[in-house]
Amino acid sequence: MTREEVAARVVGVTAQQFAMKTSDIKESDQFTVDLGADSLKSIELVAAYEEAFGLSVKEEEALKVQDVGGAIDFFFRLLQ
Amino acid sequence: MKPYELQDVPTPNLLEDTFPYSLPPLIKFEGKIKETIDGKEVEFDPNEVRTRDIHITDTTFRDGQQARPPYKREHMVTLFEMMSRLGGPKGVIRQSEFFLYTKNDRDTIDACRALNLKYPEITGWIRANKGDFRLVKEMGLKETGMLTSSSDYHIFHKQKQTRKEAMQQYIEVVEAAFEAGVRPRCHLEDITRADLPGFVFPFVQKLERLSEQVPQHMKVKIRLCDTMGFGLSYPNAAEPRSIPKMIWRLRNECGVSADRLEWHGHNDFHKVHINGASSWIYGLNALNGTLFGFGERTGNPPLEGAVIEYVALKGGLNGVNLPVITEMAEYYERVIGTTLASNYPFVGKDFNTTRAGIHAGGLRKFEQIYNIFDTTALLNRPPRVAITDKSGTDGVALWVNDFLGLQGEERLTVMKVARIQRWVMDQYEKEGRMSSITDQEMEEQVKTCLPEYYQAHRKN
């Protein structure tokens with residue numbers, strides 16, 4: 001997958017999780033500060049990404065990701 | 001000020017010499033304990049306990065039974081057999097005392113004897129009454145405890161005697177015991193509230209003179225009965241409450257050897273276990289206790305706690321079979337019908353259950369952070385987590401992984417259990433729930449949210 005394809009999927013999942021429009025999600029958005037995620041929401045988000053990409057990720061690494069751009073890079077790297 | 005500098009070590013120092021995890025944390029001493037007696041300093045060497053024959057004696061079926069509905073005979077026989085396995089072949093649980101007064105008491109002794117176990121040895125308990133020796137002789141017991149109250153509270157106000165009359169009566173019963181070939185064990189009731197130099201020490205010295213006339217195995221034993229829990233283990237506490245002073249004087253001024261001294265405590269001031277353990281340290285060999293501390297009023301030294309203390313002081317198991325403690329607790333709950341407090345150490349339902357999410361996270365990452373020792377290996381009780389709104393996703397992950405029996409790499413991540421944690425939080429935030437989530441409810445959630453894992457790994 002290209003980075004753009006990964007980004008589209010990450011943004012789509014993120015928008016769905018936070019009940020937002022995809023156009024309102026920016027790569028710079030931080031999950032906790034800008035999108036209002038608490039710890040459980042952050043975990044649910046990673047679980048939703050896992051499902052969308054058909055991957056299982058290491059939780060300590062995945063939960064270190066702070067923003068949408070970071071999530072895109074994280075899954076892009078995993079898929080290479 | 002002594003300067004201390006940070007030592008930024010590359011690997012953790014887990015202090016495993018003291019916290020081996022494969023055993024209860026070890027109790028170590030770095031010097032002698034000093035005590036002032038009659039204005040002079042005397043010393044106790046606490047490291048003696050590693051070589052001295054300290055052991056446990058049991059009164060579950062005597063004092064332990066005075067505070068609860070009577071046990072059925074089969075209960076006592078089963079517990080006696082378990083006690084034997086718990087104490088092991090070296091007799092760490094050395095003796096168990098029984099009432100002799102009813103037919104059921106005597107039939108129970110016969111049934112326990114029929115098990116043909118080396119330990120615990122069966123002893124009796126009688127009032128200081130010569131007539132009661134008939135019962136001891138009939139049962140063929142080698143040793144019996146006898147009530148020899150030592151405080152003026154008992155002598156004057158209960159027995160309506162003078163000290164001289166009381167002592168004369170006690171001595172007559174001890175002599176009757178010698179004549180009957182039964183070893184007497186004098187239970188000095190209320191000793192921590194007694195006039196020690198005015199009654200207890202003269203009485204014990206008289207007993208020692210009588211013991212000079214009998215062989216070693218018949219010499220009088222002395223049980224120090226802290227009947228109201230007044231005993232104090234603190235160094236330099238005043239007499240008669242001071243445990244170290246009492247033991248020191250009995251050994252050094254009255255000539256009673258460690259192997260003939262026993263501590264029997266009560267928990268009226270929450271000191272029952274530490275007073276018992278301290279009495280080992282201060283120089284006597286036998287600590288008398290009851291299973292789960294059941295005993296008159298607030299109870300006696302918990303026998304299972306004494307066993308753990310024994311291992312910690314000795315630095316090894318010495319034949320003790322700790323998982324039997326769990327077997328006994330299950331027997332109390334399942335068969336006898338006695339509920340043990342959920343937070344009761346070593347056996348309560350929640351003794352190694354964590355509730356806080358931050359603790360559950362620690363437990364999940366490295367069990368030793370929040371588990372006192374290897375409770376799975378030593379007590380057959382893996383650490384658990386109770387699920388509430390405070391236990392967090394870490395807590396749910398720990399519960400689910402343990403429930404499914406998953407190990408190592410196959411253990412599920414927090415992401416895999418996120419749906420269950422959402423259900424848990426909804427219970428509290430949306431449903432207004434106030435109670436913990438039950439194991440049954442958690443199992444239902446595993447079935448619903450993780451059906452493939454449930455089918456593959458569920459416990460029967």
Side-chain angles (χ1 to χ4, degrees), chain A residues 1 6-20 25 27 29-80, chain B residues 355-367 369 385 387-401 404 406-431 433 437 442 445-446 448-453 456-457:
Chain A
M1 290 176 85
V6 172
R9 203 170 292 182
V10 166
V11 168
V13 168
T14 307
Q16 189 179 30
Q17 283 292 315
F18 290 97
M20 295 168 68
I25 305 285
E27 285 203 20
D29 281 342
Q30 292 199 354
F31 297 120
T32 52
V33 176
D34 301 311
L35 302 178
D38 60 13
S39 60
L40 175 55
K41 193 70 199 171
S42 300
I43 292 166
E44 288 176 321
L45 189 60
V46 177
Y49 292 148
E50 281 186 328
E51 195 175 341
F53 290 106
L55 291 170
S56 288
V57 300
K58 291 187 175 171
E59 66 182 64
E60 285 187 8
E61 291 174 19
L63 293 172
K64 280 181 191 164
V65 175
Q66 300 288 313
D67 54 36
V68 175
I72 294 166
D73 292 336
F74 179 81
F75 282 98
F76 180 62
R77 272 199 307 276
L78 276 182
L79 289 162
Q80 296 309 297
Chain B
R355 284 187 166 73
I358 196 163
H359 287 200
L363 199 57
R364 197 164 74 91
K365 289 179 177 71
F366 188 57
E367 179 183 296
I369 297 174
V385 61
I387 303 301
T388 68
D389 57 339
K390 307 292 189 298
S391 48
T393 317
D394 275 314
V396 169
L398 188 62
W399 192 99
V400 171
N401 281 314
L404 294 172
L406 300 177
Q407 302 291 334
E409 289 294 308
E410 63 180 358
R411 286 173 81 83
L412 302 180
T413 63
V414 287
M415 285 79 81
K416 290 283 187 290
V417 302
R419 271 184 69 200
I420 299 177
Q421 171 62 359
R422 176 58 67 193
W423 176 84
V424 170
M425 293 311 294
D426 285 350
Q427 287 289 299
Y428 294 93
E429 291 176 351
K430 295 185 178 171
E431 308 292 333
R433 181 172 181 142
I437 306 293
M442 284 298 291
Q445 288 303 308
V446 175
T448 305
C449 301
L450 299 164
E452 68 281 21
Y453 288 96
H457 300 283

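We name chains A, B, ... by the order of the sequence lines, and we start the count at 1 in each one.
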I'd like to verify something: which residue of Val46(A), Val57(A), Leu63(A), Leu40(A) has the highest number of heavy-atom pairs under 4.5 Å with chain B? Leu40(A)
Identify which part of Leu45(A) has an atom lying under 4.5 Å from any heavy atom of chain B, answering side chain, backbone, both or neither. neither
Which value, rounded to the nearest 0.5 Å, describes the distance between Leu78(A) atom CG and Asp73(A) atom CG? 11.0 Å
Separation between CG (Asp67(A)) and CD (Glu27(A)), nearest 0.5 Å, reads 8.5 Å
Rounded to the nearest 0.5 Å, the CD1 atom of Ile387(B) sits from the CD1 atom of Ile437(B) at a distance of 8.0 Å
If we ignore hydrogens and angles and just use 3.5 Å, is the side chain of Arg9(A) paired with the main-chain N or O of Ala52(A) as donor and acceptor? yes
Minimum-distance pair of heavy atoms, taken over all atoms of Thr32(A) and Ala37(A): CG2-O, 3.4 Å
Which heavy atom of Gly70(A) sits nearest a heavy atom of Val65(A), and at what distance? C-CG1, 3.4 Å
Taking C-beta and beyond as the side chain, do Gln66(A) and Phe31(A) meet within less than 4.5 Å on heavy atoms? no
Cross-chain donor-acceptor list, chain A and chain B, 3.5 Å limit, no angles:
unit_1: Glu44(A); atom_1: OE1; unit_2: Arg422(B); atom_2: NE; d: 3.4
unit_1: Glu44(A); atom_1: OE1; unit_2: Arg422(B); atom_2: NH2; d: 2.7
unit_1: Glu44(A); atom_1: OE2; unit_2: Arg422(B); atom_2: NE; d: 2.9
unit_1: Ser56(A); atom_1: OG; unit_2: Lys416(B); atom_2: NZ; d: 3.3
unit_1: Glu59(A); atom_1: OE1; unit_2: Val414(B); atom_2: N; d: 3.0
unit_1: Glu59(A); atom_1: OE2; unit_2: Arg364(B); atom_2: NH2; d: 2.4

